[in-house]
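Notes to accompany the following structure.
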Amino acid sequence: MPTYEALPRFTTDLDRLTPEQRRRFRQAVGAFVHDLRAGGRFRASLRIKRVQRTSGIYELTWSMGTGPAGRATWEYGPSKLPGTPHVIWRRIGTHQILTGP
């Protein structure tokens, strides 16, 4: 099972989402964790890509229903358990979070 942590800014952003937006994020994270367990080859529907002009920061995109797509930025951190990926969640929201990923 991958380990994770959330930066305070991520937690603040998450609190601003509606319950439905948080539910959709949790669904996306379920697929994300499944793919991490399977070796880290992510399914296309998660639209994972490196954030431009950054080193090692990625974005995960999913549908939040109505309105703009949801995005969360993350990076790999030092492994807490040998051979297990560690994810650091950085930001969550819409495209606007990419100005300070």
Side-chain angles (χ1 to χ4, degrees):
M1 178 68 138
T3 58
Y4 73 93
E5 64 186 280
L7 297 181
R9 196 167 181 187
F10 178 89
T11 304
T12 299
D13 291 343
L14 185 64
D15 288 343
R16 291 184 182 131
L17 298 181
T18 67
E20 177 62 16
Q21 290 169 334
R22 284 192 296 274
R23 184 187 70 75
R24 288 176 183 262
F25 172 66
R26 283 192 303 273
Q27 286 178 328
V29 168
F32 176 81
V33 169
H34 179 271
D35 293 350
L36 274 176
R37 286 182 188 155
R41 185 174 178 116
F42 298 105
R43 63 193 76 192
S45 64
L46 293 176
R47 296 176 286 191
I48 291 180
K49 61 183 179 181
R50 187 179 59 79
V51 176
Q52 292 180 6
R53 291 176 278 203
T54 68
S55 176
I57 299 175
Y58 299 88
E59 70 174 292
L60 159 72
T61 307
W62 70 95
S63 170
M64 287 207 295
T66 60
R71 287 181 164 77
T73 58
W74 58 278
E75 64 186 315
Y76 288 108
S79 183
K80 305 289 184 187
L81 301 169
T84 303
H86 181 71
V87 172
I88 302 169
W89 294 105
R90 300 176 55 88
R91 298 289 312 271
I92 187 171
T94 62
H95 186 75
Q96 293 172 335
I97 67 165
L98 298 179
T99 60

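Predicted model, so just to flag it, every value in this text is computed and none were measured. Numbers for residues simply follow the sequence, beginning at 1. These numbers come from the heavy atoms of this one structure, side chains and all, not from hydrogens, waters or symmetry mates.
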Side-chain donor or acceptor of Ser79 paired with backbone N/O of Thr84 under 3.5 Å:
yes

Would you please classify the geometry between the Phe25 ring and the Trp89 ring as parallel, tilted or perpendicular, with 30° and 60° separating the classes?
perpendicular

Relative to the ring of Tyr58, is the ring of Tyr76 parallel (under 30°), tilted (30 to 60°) or perpendicular (over 60°)?
perpendicular

Please report the closest heavy-atom contact between Ala69 and Thr61, naming both atoms and the distance.
CB-CG2, 3.8 Å

Taking all non-hydrogen atoms of both residues into account, name the closest pair between Arg37 and Pro2 and its distance.
CG-CD, 4.0 Å

side-chain contact (heavy atoms from CB on, under 4.5 Å) with Trp74: of Leu60, Ile92, Ile88, only one passes, and it is Leu60

Going by the rule side chain to side chain contact (heavy atoms under 4.5 Å, CB included), which residues pair with Arg22 if we only count those two or more places apart in sequence or in a different chain?
Leu14, Leu17, Pro19, Arg26

Spacing of [atom1] belonging to [X] relative to [atom2] belonging to [Y], to within rounding of 0.5 Å:
{"X": "Arg71", "Y": "Gln96", "atom1": "CZ", "atom2": "CD", "result": "10.5 Å"}
{"X": "Ile57", "Y": "Arg50", "atom1": "CD1", "atom2": "CZ", "result": "10.0 Å"}
{"X": "Arg90", "Y": "Asp13", "atom1": "CZ", "atom2": "CG", "result": "11.5 Å"}

Given side-chain contact (heavy atoms from CB on, under 4.5 Å), test Thr73 with Thr54 step by step and report yes or no.
CA-CA 11 Å; Thr73 58; Thr54 68; over 6 Å; no

Only pairs under 3.5 Å count here: list side-chain donor-acceptor contacts from residues 41-49, not counting sequence neighbours, and write none if there are none.
residue : atom : partner : partner atom : Å
Arg43   : NE   : Asp35   : OD1          : 3.3
Arg43   : NE   : Asp35   : OD2          : 2.9
Arg43   : NH2  : His34   : ND1          : 3.2
Arg43   : NH2  : Asp35   : OD1          : 2.7

Answer yes or no: is there a side-chain heavy-atom contact under 4.5 Å between Tyr4 and Val29?
no

Heavy atoms, side chains only, cut-off 4.5 Å: are His86 and Glu5 in contact?
yes

